[in-house]
Amino acid sequence: MRSALAARLGISESAVRVITPDVGGGFGQKIPLYREELATAAASRLLGRPVRWIETRRENLLAALHAREDIVDVRAAVKSDGTLLGLDVKILTDFGAYAYFPANYMARVIGMMVPGAYRLRDYRYAITAVLTNKCPAGPYRAPMLICSWVTEGTIDAIARALELDPIEVRRQNMLTESDLPYTTAGGMIYRSVYPRDTLERALAAFDYKNRRQEQALARAAGRIAGIGVATYVEPNTYGSEFYKTAGIPGSGHDAAIIRIEPSGAVAAQIGIVSQGQGHLTTVAQALADELTVPIEKVRVQSGDTAAAPYGMGTRGARGGVVSVGAVLGAARVLKQKLLRIAAHLLEAPLEDLELVDGSIRVRGAPTSGMTIAQLAQKAYFAPTELPTGIEPGLDATHAFDPPPLTFSSGTHICQVEIDPETGGLMIPRYTIVEDCGRMLNPRVVEGQLHGATAQGIGGALLEEIVYDADGQNRCATLLDYAIPTAALMPSFEVEHLERFDPNTPLGMKGMAEGGVMGASAAISNAVADALAPLGVAAGRQPFTARRLAEALREARR
């Protein structure tokens with residue numbers, strides 16, 4: 001934000017200060033610099049006084065970035081046993097009046113991710129971005145969302161066409177651990193991703209076999225019931241090498257500044273600005289563990305360009321990996337400095353020292369040691385007692401550039417039941433099994449899953465921008481634009497796998513977008529499964545009650 005404002009105002013970056021307090025949510029819409037933000041800053045400079053712009057909900061629904069208007073045509077080549085031989089995918093995507101956010105970035109990720117969790121050698125895709133007289137399109141949590149529905153919907157369509165069990169078709173084609181490392185047809189390399197494990201665990205947790213038997217009884221009683229399964233692979237982290245390989249200008253690094261105060265307290269500034277993901281908490285946990293100090297002695301801050309290091313921001317489920325990677329790098333620099341100071345003051349070999357419970361001790365001599373606070377006092381107030389070549393103070397800055405991509409995975413399975421008269425849809429049961437590597441804070445992970453899955457359900461069942469024949473947006477208030485409420489949400493049953501990624505700090509992977517991917521496809525597949533015996537196709541989201549009721553009435557006619 002600071003760099004973009006400075007460049008467009010023609011001033012140096014040091015003349016711009018951006019302060020970001022707690023932000024309720026971003027979901028991609030806050031990534032670009034908006035015209036209103038630039039106009040506000042320019043007006044303030046022109047008038048020589050503070051200027052405030054407060055966006056209303058109506059303005060946001062009318063003029064902020066929209067997303068996910070795609071028309072997709074899929075052709076699949078398969079064997080009679082359900083083996084997937086090839087995919088030919090054509091995507092027509094509406095980008096609105098102009099490309100506010102780089103179209104090649106969004107399209108490239110979509111094209112690369114269509115193969116998803118499956119073995120696929122022959123694959124061709126064509127994406128056409130069309131400019132129309134609508135609001136510009138932009139990134140929305142899981143911009144590759146369409147991939148999960150396209151791929152998982154295709155697997156289900158294959159099963160229906162060949163009268164096979166959709167789970168067996170998945171097992172026939174899905175990657176397993178023995179396939180790793182695996183180079184996908186989209187050119188990405190999977191090294192630490194285990195979709196088959198999440199599928200099998202989810203089937204057991206959902207009690208899939210018995211649920212299918214219950215579904216058969218429900219159908220025999222005249223109810224419209226469906227079960228949807230979706231397994232996804234979620235790309236995340238997006239290091240600088242990814243952007244270079246994809247031909248997209250940009251960087252994927254982030255940075256942190258760590259300082260150990262004379263009191264022994266630890267202060268950190270990170271470049272990532274949280275939008276509800278809990279970065280300050282998880283970063284503090286990682287920092288406290290690395291320096292073996294109580295978490296109460298750690299304070300993490302962000303959101304002020306006057307203090308924070310330069311960072312590339314949170315997007316693409318990368319915030320946890322890059323922020324923790326940056327603080328751990330800085331903390332390890334300070335750890336080595338503490339060890340060198342302690343070795344000098346304790347007159348002990350460096351290799352005999354260890355950091356335990358906030359103190360550096362000599363192995364085998366637990367009474368011989370110094371606390372971090374004692375060493376900090378020396379570092380700040382007794383520089384003449386420090387070893388040669390050691391500067392006073394205890395602060396370090398570290399920039400971390402993650403791997404090009406990490407991949408998490410998960411499986412969503414849900415039941416739906418549709419009212420034949422109103423088209424109203426209920427979700428009696430919803431099971432999620434996900435793998436995001438090491439979880440630093442399981443509550444934060446589950447919160448991200450709940451929120452992302454709710455967004456996926458909202459997109460599949462409710463949310464739609466409707467323009468009239470004159471190009472007017474008919475959904476510019478929350479009376480017209482439907483969002484999911486608590487009444488619609490099922491009680492999510494969540495289980496976790498922790499398969500560590502060896503290429504990231506602590507084995508972490510991103511995971512904030514997977515819930516959207518899984519929900520969109522699982523709900524869509526469940527609706528398609530419910531309607532298939534009636535001869536009703538389910539090919540267009542959102543599956544609103546009105547749209548479902550009209551389709552059912554047409555089928556009865």
Side-chain angles (χ1 to χ4, degrees), residues 255-270 278-301 320-400 437-445 498 500-508:
I257 302 169
I258 310 297
R259 183 175 61 254
I260 298 177
E261 309 283 5
S263 64
V266 181
Q269 286 281 351
I270 59 175
H279 292 133
L280 301 187
T281 300
T282 51
V283 167
Q285 287 179 259
L287 199 49
D289 284 350
E290 183 67 24
L291 295 176
T292 71
V293 298
I295 195 169
E296 294 79 14
K297 286 193 172 185
V298 179
R299 187 181 184 192
V300 181
Q301 295 178 297
V321 175
V322 296
S323 59
V324 169
V327 298
L328 288 180
R332 286 163 185 168
V333 170
L334 291 182
K335 185 176 175 180
Q336 290 304 311
K337 187 171 183 177
L338 288 170
L339 287 167
R340 288 186 62 190
I341 295 172
H344 177 74
L345 296 174
L346 295 172
E347 298 181 345
L350 191 62
E351 59 271 18
D352 288 350
L353 300 182
E354 59 182 348
L355 179 59
V356 181
D357 296 331
S359 297
I360 291 182
R361 302 172 186 169
V362 180
R363 290 187 181 89
T367 59
S368 177
M370 297 180 71
T371 66
I372 288 178
Q374 290 171 329
L375 292 166
Q377 289 280 321
K378 296 290 187 182
Y380 284 100
F381 302 131
T384 58
E385 297 181 33
L386 301 179
T388 303
I390 294 292
E391 295 179 352
L394 286 170
D395 57 83
T397 300
H398 182 76
F400 174 70
R438 186 190 296 275
M439 293 189 293
L440 294 189
N441 189 311
R443 178 168 290 186
V444 169
V445 170
E498 285 193 273
F500 299 165
D501 190 319
N503 298 306
T504 65
L506 308 181
M508 301 168 62

*For residues H398 and G325, report the shortest heavy-atom separation together with the two atoms involved.*
CD2-O, 4.0 Å

*Hey, what do you get for CE (M370) to CD1 (I360), rounding to the nearest 0.5 Å?*
9.0 Å

*asked:* Side chains of L506 and L328, heavy atoms from C-beta outward: is any pair under 4.5 Å?
replied: yes

*Qualifying residues under side-chain contact (heavy atoms from CB on, under 4.5 Å), relative to S263, sequence neighbours excluded*: E261, A265

*Please report the shortest heavy-atom distance between F400 and P505, naming the atom on each side.*
CZ-CD, 3.6 Å

*Over all heavy atoms of both residues, which pair between V327 and A256 is shortest? Give the atoms and the distance, please.*
CG1-CB, 3.6 Å

*Please tell me if the side chains of V356 and T292 come closer than 4.5 Å, counting only heavy atoms from C-beta onward.*
no

*For A373, what residues pass the side-chain contact (heavy atoms from CB on, under 4.5 Å) criterion, not counting sequence neighbours?*
T371

*Can you list the residues that meet the side-chain contact (heavy atoms from CB on, under 4.5 Å) rule with N503, with sequence neighbours excluded?*
R191, P403, D501

*Kindly give the heavy-atom pair with the smallest separation between A331 and I258, and that separation in Å.*
N-CG1, 4.2 Å

_So, using side-chain hydrogen bond (donor to acceptor under 3.5 Å, both in side chains) as the criterion, who are the partners of Q301 when residues are at least two apart?_
Q269

*Might you point out which heavy atoms bring P262 and F381 nearest each other, and give the distance in Å?*
CB-CE1, 3.7 Å

*side-chain hydrogen bond (donor to acceptor under 3.5 Å, both in side chains) with K335: which residues, sequence neighbours excluded?*
none

*Residues forming a salt bridge (charged side-chain N to carboxylate O under 4.0 Å, His left out) with E498, sequence neighbours excluded*: none

_I need the minimum non-hydrogen distance between Q285 and L440, along with the two atoms involved._
NE2-O, 3.0 Å

*From S368 OG over to R363 CZ, what is the distance, rounded to the nearest 0.5 angstrom?*
13.0 Å

*Just how far is it from atom CG of L339 to atom CG of L334, taken to the nearest 0.5 Å?*
11.0 Å

*asked:* Please report the interatomic distance CG(L353) to CZ(R361), rounded to the nearest 0.5 Å.
replied: 12.0 Å

*Less than 4.5 Å apart, any side-chain heavy atom of L375 and any of L345?*
yes

*Distance in Å, T282 OG1 paired with R443 CZ, rounded so as to fall on 0.5 Å steps*: 14.5 Å

*Kindly indicate whether the side chain of K337, heavy atoms from C-beta on, has any atom under 4.5 Å from the side chain of I390.*
yes

*With rounding to the nearest 0.5 Å, note down the distance linking CZ in R259 to OG1 in T397.*
10.0 Å

*So with a 6.0 Å cut-off around CD of E391, is the heavy-atom count from everything else above 12?*
no

_Residues I372, L394; criterion side-chain contact (heavy atoms from CB on, under 4.5 Å); working and verdict_ = CA-CA 11 Å; I372 288 178; L394 286 170; 5.7 Å; no

